[in-house]
Q: 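Before I ask anything, here is the structure I am working with.
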Amino acid sequence: MANLGNPKNTIEIIQKYHFAFQKRFGQNFLVDSHVLEKIVRAAGVTGEDFVLEIGPGIGTMTQYLAEAARKVCAVEIDRNLIPILEETLGGYDNVEVINEDILKVDVAALAREENGGRPIKVVANLPYYITTPIIMGLFESQVPIDSITVMVQKEVADRMQTGPGSKDYGALSLAVRYYADAYIAANVPPNCFIPRPKVGSAVIRLTRHREPPVKVKDEKLMFRIIRASFNQRRKTLQNGLNNSPELPFSKEKIAGAIEAMGLPPSVRGEALDLEQFARLSDLLGEDL
Ligand code: SAM
């Protein structure tokens with residue numbers, strides 16, 4: 001099968017199957033071989049690896065991954081792409097395509113069955129409309145992950161890497177800091193895709209920490225607190241936590257914990273770093 005990482009071959013296969021792009025699935029196909037090589041290199045895929053690819057599209061990156069990995073499992077939601085993938089990936093005996101919504105796939109079971117429960121690598125040119133749920137879902141579930149190397153909107157990549165004080169700082173920045181080391185492997189302009197997205201993109205590699213950089217008694221509680229703090233950005237931390245239906249704490253308890261941390265009552269969530277959220281979570285969770 002011809003290499004799909006260029007506009008000519010991509011257009012040819014799309015026309016052959018009368019494929020119509022679906023905006024709601026975030027379909028922007030890569031047509032630049034340098035970018036594709038860079039992604040696979042940044043992911044550090046070797047012949048031992050089991051790779052999960054999210055959204056293979058017409059199979060462009062899947063071909064590169066299949067050349068490098070022991071096995072690739074590619075999960076694609078759009079059933080109109082399945083016959084195309086049968087043709088473009090027909091030459092590989094180490095690729096499995098699953099026609100499903102990635103948010104409904106039991107990735108932990110896949111890792112158990114296909115990789116003996118060892119950490120897997122996730123590689124994807126992500127559909128941008130569900131970047132955050134996909135990444136948070138992979139980190140928060142019990143999936144053994146080695147690394148996640150993904151193309152995302154440039155702005156989202158920036159959000160993943162930033163700290164307190166920046167306008168981009170939020171729940172995603174804190175989750176990434178807690179679970180992984182992040183580095184941007186490439187910036188990718190719109191002309192590397194068909195059709196061209198409106199925004200710039202970046203490839204980011206998130207390498208999962210063996211141990212999180214802070215200790216917290218109840219990880220789930222900490223992330224509920226983090227989400228509540230950023231849900232109402234213009235509110236004080238105290239009000240944000242108090243108004244959250246997800247949290248059971250009284251106004252007095254919240255005020256007491258903020259004071260015990262040496263913070264002013266008017267402090268906002270966006271001023272706290274990961275260590276402070278861990279401490280706040282331990283204080284609030286004390287007698288739950
Ligand atoms: N990997 C291809 C490439 O790089 O050319 C296509 C990437 S395109 C940005 C995103 C792909 O994810 C599309 O093929 C789209 O149909 C698929 N997709 C969208 N939502 C999905 C979901 N919930 N589960 C699985 N695949 C999804």
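For the numbers below, each heavy atom of this structure counts, side chains included, while hydrogens, waters and symmetry mates do not. All ligand and atom numbering here is 1-based and tracks the order in the structure.
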Q: May I ask you to identify, for Y128, whether its side chain, its backbone, both or neither come under 4.0 Å of ligand 1 on a heavy-atom basis?
A: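 The answer is neither; Y128 stays 4.0 Å or more away.
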Q: Give yes or no for whether the N/O distance cutoff of 3.5 Å, strictly under, is met between D78 and ligand 1.
A: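 No; the residue has no nitrogen or oxygen that sits under 3.5 Å from a nitrogen or oxygen of the ligand.
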Q: How long is the straight-line distance from OG1 of T60 back to CG of L85, given to the nearest 0.5 Å?
A: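 OG1 of T60 is found 9.0 Å from CG of L85.
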Q: Is the closest N or O pair between L30 and ligand 1 shorter than 3.5 Å?
A: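 Between L30 and ligand 1 (N or O atoms, distance only) the closest approach is under 3.5 Å.
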Q: To the nearest 0.5 Å, tell me how far I225 CD1 sits from L272 CG.
A: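 Nearest 0.5 Å value for the CD1-CG distance: 10.5 Å.
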Q: For the rings on Y178 and F139, is their centre-to-centre separation under 6.0 Å?
A: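 No.
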Q: Determine, considering heavy atoms only, which of L4, L81, I77 sits nearest to atom 18 (N) of ligand 1.
A: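 Residue with the shortest heavy-atom distance to the ligand atom: I77.
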Q: Under 4.0 Å from any heavy atom of V75, which atoms of ligand 1 are there?
A: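 Result: 25 (C), 26 (N).
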Q: Between V123 and V40, is any pair of side-chain heavy atoms under 4.5 Å apart?
A: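 No, too far: nothing below the 4.5 Å cut-off.
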Q: Could you tell me which atoms of ligand 1, counted from 1 in the order shown, lie closer than 4.0 angstrom to a heavy atom of Q27?
A: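 Answer for ligand 1: 13 (C), 15 (C), 16 (O).
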Q: Answer yes or no for M61: is there a heavy-atom contact with ligand 1 below 4.0 Å?
A: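 No.
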Q: Identify, for atom 2 (C) of ligand 1, the protein heavy atom at the shortest distance, and state residue, atom and that distance.
A: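 Residue, atom and distance for the closest contact: P56 O, 3.3 Å.
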Q: Look at the rings of F230 and Y169 and say which category their plane angle falls in: under 30° parallel, 30 to 60° tilted, over 60° perpendicular.
A: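 Perpendicular, since the angle between the ring planes exceeds 60°.
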Q: Counting only heavy atoms not in H34, do more than 12 fall under 6.0 Å of its NE2?
A: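 Result for NE2/H34: open.
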Q: I'd like to know whether I98 forms a side-chain contact (heavy atoms from CB on, under 4.5 Å) with C73, so could you lay out the CA-CA distance, the side-chain angles of the two residues, the decisive distance to 0.1 Å, and finally the verdict.
A: CA-CA 7 Å; I98 301 177; C73 195; 3.5 Å; yes
Q: So is E100 close enough to ligand 1, meaning a heavy atom under 4.0 angstrom away?
A: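 The answer is yes, since E100 has a heavy atom less than 4.0 Å from ligand 1.
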Q: As a test of understanding, state which of N94, D49, N115, T46 forms a side chain to side chain donor-acceptor pair (under 3.5 Å) with R70.
A: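 So the option named by the test is N115.
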Q: So which heavy atom in the protein is nearest atom 19 (C) of ligand 1, and how far is it from that ligand atom?
A: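 Here the closest protein heavy atom is F25 O, 3.1 Å.
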Q: Using a strict 4.0 Å cut-off to heavy atoms of G26, name the atoms of ligand 1 that fall inside it.
A: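 Counting from 1, the qualifying ligand atoms are 8 (S), 9 (C), 10 (C).
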Q: Under a 4.0 angstrom heavy-atom cut-off, which atoms of ligand 1 come close to E76?
A: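 Once the distances to E76 are compared, the set is 13 (C), 14 (O), 15 (C), 16 (O), 17 (C), 26 (N).
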Q: Heavy atoms only: which of N28, I58, D101 is nearest to atom 23 (N) of ligand 1?
A: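 Considering heavy atoms of N28, I58, D101, the nearest to atom 23 (N) of ligand 1 sits in D101.
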Q: Where does Q22 meet ligand 1, judged by heavy-atom distances below 4.0 Å: at the side chain, the backbone, both, or neither?
A: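 It is neither; nothing of Q22 touches ligand 1.
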Q: Say whether L103, considering both its backbone and side-chain N or O atoms, lies within less than 3.5 Å of an N or O atom on ligand 1.
A: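 In fact, backbone or side chain, L103 has no N or O that close.
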Q: Is the closest basic N to carboxylate O distance between K8 and E12 below 4.0 Å?
A: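 Looking at E12 together with K8, the answer is yes, because their closest N to O distance falls below 4.0 Å.
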Q: Which residue and atom name correspond to the protein heavy atom nearest atom 6 (C) of ligand 1, and how close is it?
A: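 Ranking protein heavy atoms by distance from atom 6 (C) of ligand 1, first comes G55 O, 3.4 Å.
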Q: Atom 4 (O) of ligand 1: which protein heavy atom is closest, and how many Å away?
A: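 So the nearest neighbour among protein heavy atoms is N125 ND2, 2.8 Å.
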Q: Show the atoms of ligand 1 that are less than 4.0 angstrom away from any heavy atom in E53.
A: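 Checking each atom against E53, I get 1 (N).
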Q: Any idea which part of L126 is under 4.0 Å from ligand 1, heavy-atom wise: side chain, backbone, both or neither?
A: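 For L126, the contact with ligand 1 is made by the backbone alone.
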Q: Scan side-chain atoms only and decide if Y179 and E219 contain a donor-acceptor pair under the 3.5 Å cut-off.
A: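 There is such a pair (donor and acceptor under 3.5 Å, judged by atom type) between the side chains of Y179 and E219.
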Q: Polar contacts were defined as any N/O atom of the residue lying under 3.5 Å from an N/O atom of the ligand; does this apply to I102 and ligand 1?
A: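 Yes: some nitrogen or oxygen of I102 is under 3.5 Å from one in ligand 1.
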Q: What part of A124, side chain from CB on, backbone N/CA/C/O, both or neither, has a heavy atom under 4.0 Å from ligand 1?
A: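 The answer is neither; A124 stays 4.0 Å or more away.
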Q: Is the shortest heavy-atom distance from the side chain of L221 to the side chain of R224 under 4.5 Å?
A: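 When only atoms from C-beta onward are counted, R224 and L221 do touch, with a gap below 4.5 Å.
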Q: Check if F193 has a non-hydrogen atom at a distance under 4.0 Å from any atom of ligand 1.
A: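 In this structure, F193 fails to qualify as a contact of ligand 1 - no heavy atom is under 4.0 Å.
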Q: Report yes if some heavy atom in the side chain of I135 is under 4.5 Å from a heavy atom in the side chain of L126; otherwise report no.
A: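 Yes, at least one pair of side-chain atoms sits under 4.5 Å.
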Q: Can you report which non-hydrogen protein atom sits closest to atom 20 (N) of ligand 1, along with the distance?
A: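 Sorting protein heavy atoms by distance from atom 20 (N) of ligand 1 puts Y129 OH, 2.8 Å first.
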Q: Please examine the side chains of L52 and V75, heavy atoms only from C-beta on, and report whether any two atoms are closer than 4.5 Å.
A: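 In contact.
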Q: Does a side-chain N-to-carboxylate-O contact under 4.0 Å join E48 and K121?
A: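 Salt bridge: no.
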